[in-house]
Amino acid sequence: MRVKELYLHLAEACERKAGVTDLPNKKAGMLAAAAVWRRLANAVRPSEGPGSNILADEVAVMEDLAARSFPASSISGSKD
């Protein structure tokens, strides 16, 4: 399986999981993960081989995650 196909497979798996969960936070998290996998898949260039620009992909993912900042309480499940 090529890298792009793997990323798309992972995005689809996240979307399937999001479709069967009743927990809104879990659904939102799975859909956010799927969006990141799809962005990575779209960032893969056909002419790129094993030495692709992984750093640029990692920066794009970090920017996506930063744009979707979640409060720590929603991640840990603690209630203050």
Side-chain angles (χ1 to χ4, degrees):
M1 183 179 288
R2 300 195 59 108
V3 172
K4 183 173 185 165
E5 293 159 347
L6 173 62
Y7 291 165
L8 291 173
H9 175 76
L10 291 169
E12 291 166 3
C14 289
E15 290 164 348
R16 281 193 303 275
K17 289 286 187 183
V20 297
T21 186
D22 294 331
L23 303 172
N25 286 344
K26 186 173 181 180
K27 178 177 263 185
M30 295 305 294
L31 291 174
V36 172
W37 286 122
R38 289 195 181 280
R39 181 180 172 106
L40 285 171
N42 289 332
V44 174
R45 305 286 182 261
S47 61
E48 291 177 349
S52 65
N53 191 353
I54 294 172
L55 181 58
D57 292 344
E58 289 177 4
V59 169
V61 170
M62 295 306 290
E63 288 172 351
D64 277 352
L65 292 175
R68 293 181 178 90
S69 66
F70 297 100
S73 60
S74 71
I75 296 171
S76 66
S78 64
K79 297 186 183 205
D80 295 331

Intermediate values then yes/no, side-chain contact (heavy atoms from CB on, under 4.5 Å), L10 and L6: CA-CA 6 Å; L10 291 169; L6 173 62; 4.1 Å; yes
Rounded distance (nearest 0.5 Å) linking atom NE2 of H9 with atom CH2 of W37: 10.5 Å
Atom pair CG/CG of L8 and N42 - distance to nearest 0.5 Å: 7.0 Å
Expected output: side-chain E5 to main-chain R2 donor-acceptor under 3.5 Å: yes
Heavy-atom pair with the smallest gap, counting every atom of K27 and A18: CE-O, 2.9 Å
Shortest non-hydrogen contact between A41 and Y7, atoms and distance: N-CD1, 3.6 Å
Ion pair E15/R38, N-O distance below 4.0 Å: yes
